[in-house]
Amino acid sequence: MRSGAPTPCPSTAAATVGGMSYSSNGADAGSTSESAFTSAPNTAPIPSPAAVHAPWLRDAVFYEVYPQSFNDTNADGIGDLPGVTAKLDYIASLGATAIWLNPCFDSPFQDAGYDVRDYKKVAPRYGTNQDLVDLFAAAHERGMHVLLDLVAGHTSDEHPWFRASSQPERNEFSDRYIWTTSWVEGAPGLPFIGGVAPRNGTYILNFFACQPALNYGFARQEKPWMQSPDSPAARATRDAMVDVMLYWLELGADGFRCDMADSLVKYDDDRRTHTIAAWRDMIGRVRERFPQAAFVSEWGRPTLSLTAGFDMDFYLDWRWDGNPNGYCMLARDTDSQIGGAPDASFFRATSGTGAARFVREYLPQYEESRGNGYFCFITCNHDCARLAPRLSPREEQIAFTMFLTMPGVPYIYYGDEIGMSYRELPTKEGGYTRTGTRTPMQWNGGANRGFSDAPAEKLYLPVDTSSDAPTVAAQEADPESQLNYVRALTALRHETPALQSDGLFTVLHASDDDRAFVYARTAADGSSVVVALNPGLEPAAVELESVPAGVGGQVLLSRGGSAALEGSRIVLPAQSATILR
Ligand code: NOJ
Ligand code: CA
């Protein structure tokens, strides 16, 4: 599908190119295995237009809500927006100050809502626009913020823009998507579909077959039908996306998580020069009206994304051809979603992996990008396998200790706070192997684990009813539970400036030869805390490169026993995590 003859099938065709391709702008045409990860690092960042970020991000903790699986209030088996509103106090009790809501807009749901049919209408299965406005208001009453998911790179093939664009007669939307000028011509290096529209041409895809790419132009116009990023058509696409953002901000949204943010301008260079310019234009125009709007990119390259105006970028789970990035080295360095295969993840007790290889990948990106915004750790997201059951509860808690004490803004995926498991399930709405991460929230021991009053067979996905399935209710009652540990971690973060988004990060010990990982976080006033992790099965004793001023070894929080600091030597119990002052 990447090149060759047009594909004569409509949106049911398997048209993904390179699976979870996060660099679908054709920059790597002809080489599906080459990813942005292997491209040359950016050495001359463009200054960020977002030098000032919304102040609430300095101490933000996000909670990602997958709306279809969170809380069903009308017994139709699908989670809904009133269900999210009803659980805001619970979300706040986790120490979360903000929500990222996955797409909740009108959609045929061939990619779980990432195929938008109407950007300005809440999908009826989730409620009404008024329900979303009510959610914004209820969040704001609690001092919380809500980011919506902006799918800027593509729409559903059922979107009226695409329907109009498919017509042979020229109209306002003819160039909203990328069409070649003949039904037998494809787009070199880009996935395309032919044979399904009355228009004489084929059109470019951004992801699945149901997701035609919006036209933001081409960095290099190699064919007559390739328009420049400065063309009126590309400008009109940006205008349309700005209009969508302003619509929801006016109704009370606080910003956007931007899907496949690096995919906009096709044939862009390694530094995504034109895609960055497109975002700077759109974010810049939105910020003229809403200076406090917050933006997080699904990009995974903070040295680039944070120069495009984003406040935050995710450290994504990239493991191309078995080559893990730093995030995967920590928690996801395995071919298995469920466990059992060799697992080299740092947090796996038996992996033998030291922290140094993570540090080598992370630190340069952190240092180069930190003036521009936040490089953010996630516990998981709706696209990758949950940590459980691959990691034991203790391993997961050591991982959470790190994710919730690193610089940037942490994101907790719903259900991870109780250690919900990845489950092997048939695909649902284009989920494929992601489906097992998207099952209903487990609230209590009641019917459907409290998710829904619908009959079990009507649920969006089957709820985990195994006898040992964790629930919020059971973990509320257990002081040692993962839920209460997560609450303790976020509470400590909120009361400790050094642990918040801007606190400096300094490695005190990371090696390829042992399992100890010790780092300091330091606030603007010079106060520091030290985080000491040992996922290994043996105790560790290491000499620190330095000990920050004022740190004397007082234990603020620990799991699996407490590390002891004696001068510059620290002794860490096996499988432990400690935060010290
Ligand atoms: C990334 C989203 O996180 C994923 O769920 C979706 O399938 C693709 N982008 C396409 O929008
Ligand atoms: Ca419902």
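Both ligands and their constituent atoms are indexed starting at 1 by order of listing.
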Q: Under a 3.5 Å cutoff, is there a donor and acceptor pairing between the side chains of K266 and N206?
A: yes
Q: Which distance, rounded to the nearest 0.5 Å, do you find between the CZ of R117 and the CZ of F162?
A: 14.5 Å
Q: Of all the atoms in ligand 1, which lie at a distance below 4.0 Å from a heavy atom belonging to H154?
A: 10 (C), 11 (O)
Q: Tell me, please, if G79 has any N/O/S atom, main chain or side chain, under 3.0 Å from the Ca ion (ligand 2)?
A: no
Q: I would like to know whether F403 and D416 meet side chain to side chain contact (heavy atoms under 4.5 Å, CB included); could you show each step before the answer?
A: CA-CA 12 Å; F403 296 154; D416 277 359; over 6 Å; no
Q: For W100 together with Y413, are the ring centres under 6.0 Å from each other?
A: no
Q: Just by distance, with hydrogens left out, do Q68 and Y126 show a side-chain donor and acceptor under 3.5 Å apart?
A: yes
Q: With a cut-off of 4.0 Å, which atoms of ligand 1 are near a heavy atom of D383?
A: 1 (C), 2 (C), 3 (O), 4 (C), 5 (O)
Q: So, 4.0 Å and heavy atoms of R257: is ligand 1 close enough to count as a contact?
A: yes
Q: Have H274 and D268 got a donor and an acceptor in their side chains that come within less than 3.5 Å?
A: no
Q: Return the name of the atom in D80, of element N, O or S, nearest to the Ca ion (ligand 2).
A: OD2
Q: May I ask you to say whether D149 pairs ionically with R257, meaning some side-chain N is under 4.0 Å from a carboxylate O?
A: yes
Q: If the cut-off is 4.0 Å to any non-hydrogen atom of R434, which atoms of ligand 1 fall inside it?
A: 4 (C), 5 (O), 6 (C), 7 (O)
Q: Pull out every atom of ligand 1 sitting under 4.0 Å from any heavy atom of M260, numbered as shown with elements.
A: 9 (N), 10 (C)
Q: What N, O or S atom of D76 is found closest to the Ca ion (ligand 2)?
A: OD1
Q: Answer yes if the side chains of N372 and S369 hold a donor-acceptor pair under 3.5 Å, and no otherwise.
A: no
Q: Which of the atoms of ligand 1 are close to D259, meaning less than 4.0 Å from one of its heavy atoms?
A: 1 (C), 2 (C), 3 (O), 8 (C), 9 (N), 10 (C), 11 (O)
Q: How open is the angle at the Ca ion (ligand 2) from atom O of I78 over to atom OD1 of N74, rounded to 10 degrees?
A: 160°
Q: Once the angle between the rings of F105 and W248 is folded into 0 to 90°, is it parallel (under 30°), tilted (30 to 60°) or perpendicular (over 60°)?
A: tilted
Q: Please could you name the atoms of ligand 1 that D111 approaches to less than 4.0 Å, counting only its heavy atoms?
A: 6 (C), 7 (O), 8 (C), 10 (C), 11 (O)
Q: Is there an N/O/S atom in S452 that lies less than 3.0 Å from the Ca ion (ligand 2)?
A: no
Q: Looking at R319 and D333, is any side-chain nitrogen of the basic one under 4.0 Å from a carboxylate oxygen of the acidic one?
A: yes
Q: Numbering the atoms of ligand 1 from 1, which are under 4.0 Å from a heavy atom of H382?
A: 2 (C), 3 (O), 4 (C), 5 (O)
Q: For ligand 1, which atoms, with element, lie under 4.0 Å from some heavy atom of E298?
A: 1 (C), 3 (O), 9 (N)
Q: Which is the closest N/O/S atom of D72 when seen from the Ca ion (ligand 2)?
A: OD1
